[in-house]
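Reviewing the structure listed below.
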2 protein chains.
Amino acid sequence: MLTQQKTFTQQAVAVDVVLFTTIEDTLQVLLVARQQDPYAGQLSLPGGIVEREESVDEAALRVLKEETAITDVYLEQLYTFGEPSRDPRDRVVTVTYYALVNAEQLDTAAGSWHAVEELSDLAFDHQNIVQYAQERLRNKLNYTTIGFQLLPERFTLTELQNVYEVILGQRLDKRNFRRKMLQLDILEETDEFKINGRQRPARLHTFRQAKGMKLQERGLVVTF
Amino acid sequence: MLTQQKTFTQQAVAVDVVLFTTIEDTLQVLLVARQQDPYAGQLSLPGGIVEREESVDEAALRVLKEETAITDVYLEQLYTFGEPSRDPRDRVVTVTYYALVNAEQLDTAAGSWHAVEELSDLAFDHQNIVQYAQERLRNKLNYTTIGFQLLPERFTLTELQNVYEVILGQRLDKRNFRRKMLQLDILEETDEFKINGRQRPARLHTFRQAKGMKLQERGLVVTF
DNA sequence: TTATATTAGTGTAGTAACGACACGAATTAA
DNA sequence: TTAATTCGTGTCGTTACTACACTAATATAA
């Protein structure tokens, strides 16, 4: 119950963002090196303090923009971590987000990409946060179309399958995968092909939102 | 990125809890009447400010205990709402939770139960929060076993089906429902029956956690 | 004691989704 | 022209899902 005072106990509220991309058949996250203590020199998620005049979602977008100069991004709130001991300096409640980008579209990133399977020694509880983001991503892949956020506008079905295999961590049957995707009625063939050296060219497709699968439940910022 | 200062911008962090139960074939939420402005006299979710020495989860449990004197409860974090304008007095970021109890086990509640389908004029953005909690509950019912949290330890299959029907908002086929539940291998027959007047008595079952369905992903406080 | 009203409890058949599986087509480089 | 590589396609068996109706067990009222 809210107290009768005009002001309440105050504490710092932060956002941290797990930005995923796929590079060469691995799932990668953007990390930045911390400049000062605590955890100086260690890698951490891009994050920052929520200012009083911005929403928490806006803070997450701002942090992403500061670190990567990207604005077109799938962004979804993940979980709020509120253990008093998670920041050694002061009580900081952090609202975490995860985001998906196609690495090709990224101009520059202040941080660097790291394979999620090879992370070690992240600052704070950021390793846990990445792991939870990965679980969420894996689950959502099965009943939404967020996977397309990791691809350019036009892509081959093999590229799409690679996204699914990388996130799910297992190989998929090519024919079954294509049958399932095509019958969702969310893909559109283009007249163009991707030429890949001395192989048969692969037809490029585009994604169009349709019935059957939903992209999001709430709170997402998406631009196509 | 965290600033170099030792202290950060501070703001109030609250928790609000959507406590669900089922009463007579309707889904109900616990609401309390606000004593003072803003929204004095209107109904609101039980909630409170997170103190500096407790985790956000602990704050949610504390609030529940203050309002209902219950401690054995399924509790799961829902979403964090951080629009600057959502509280007219001051910036308040609220971390919301939802909880499930069996109404029969509840001793006393400071608030009162209200059918979710008939809510109106809740304080703050609490109507949105209830609606989102209801969506989450509906989704989770399909791939977890949280539904059992709304039942006493021993229950009939018809009572179980009622829980599913009330949450999903649709009638289910009795034979298909029972076949599906039984083959999950999470129910145990007891030797006892529930006698319901001039009808055939119904066998009581108990729930036991098993493979196949998972109860939770993270952050839950559960006691059986 | 018998009849009636009410909910409990059970099986089948048709359909749709899923998983496993192999080969010809198109291209480039040698 | 040949070799190497990835693209793109269909079938069959199994499993899961949907729709659907009657008998069993009890309490009450006649």
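Within every chain, numbering begins at 1; the chains are lettered A, B, ... in the order of the sequence lines, protein sequences first and strands thereafter.
- In the 5' to 3' direction, nucleotides of DNA chain C lying under 4.0 Å from heavy atoms of chain B begin and end at C:dA5 to C:dT12.
- Partners of A:T190 according to the side-chain contact (heavy atoms from CB on, under 4.5 Å) rule, which considers only residues two or more places apart in sequence or in another chain, are A:R154, A:E192, A:L204, A:T206.
- At a threshold of 4.5 Å between non-hydrogen side-chain atoms, the residues B:L31 and B:L122 count as touching.
- With sequence neighbours left out, the side-chain contact (heavy atoms from CB on, under 4.5 Å) criterion links A:V163 to A:T22, A:L150, A:L151, A:I167.
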For nucleotides 11-18 of chain D, list the nitrogen or oxygen atoms of the protein found under 3.5 Å from its nitrogen or oxygen atoms, one pair per line.
| unit_1 | atom_1 | unit_2 | atom_2 | d |
| --- | --- | --- | --- | --- |
| D:dT18 | O4 | B:R179 | NH2 | 3.1 |

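- Put simply, CZ on B:F124 and OH on B:Y39 are 6.5 Å apart, with the number rounded to the nearest 0.5 Å.
- A close approach under 4.0 Å does occur between a side-chain nitrogen or oxygen of A:R178 and OP1 or OP2 of D:dG8.
- Shown here are the salt bridge (Lys or Arg N to Asp or Glu O under 4.0 Å) partners of A:E153, two or more places apart in sequence or in another chain: there are none.
- Under the side-chain contact (heavy atoms from CB on, under 4.5 Å) criterion, A:I195 pairs with A:P201, sequence neighbours left out.
- If one axis is set at each end of the helix from C:dT1-D:dA30 to C:dA30-D:dT1 from five pairs, those axes are 10° apart, to 10°.
- The line from NZ of B:K180 to CD of B:Q161 is 12.0 Å long, rounded to the nearest 0.5 Å.
- In this structure, the separation between NZ on B:K65 and CZ on B:R62 is 11.0 Å, given to the nearest 0.5 Å.
- Taking B:E58 as the reference, nothing meets the salt bridge (Lys or Arg N to Asp or Glu O under 4.0 Å) condition, with sequence neighbours excluded.
- The distance from the CZ atom of A:F148 to the NE2 atom of A:H205 is 10.0 Å, given to the nearest 0.5 Å.
- Shown for residues 187-197 of chain A: residues whose heavy atoms fall under 4.0 angstrom of DNA chain C, namely A:G197.
- Qualifying salt bridge (Lys or Arg N to Asp or Glu O under 4.0 Å) partners for B:E83, counting only residues two or more places apart in sequence or in other chains: none.
- With sequence neighbours excluded, no residue satisfies salt bridge (Lys or Arg N to Asp or Glu O under 4.0 Å) with B:E24.
- With sequence neighbours excluded, the residues satisfying side-chain contact (heavy atoms from CB on, under 4.5 Å) with A:D121 are A:Q42.
- When the nearest nucleotides of DNA chain D are assigned to A:R198 and A:D173 by heavy-atom distance, the more 5′-ward of the two goes with A:R198.
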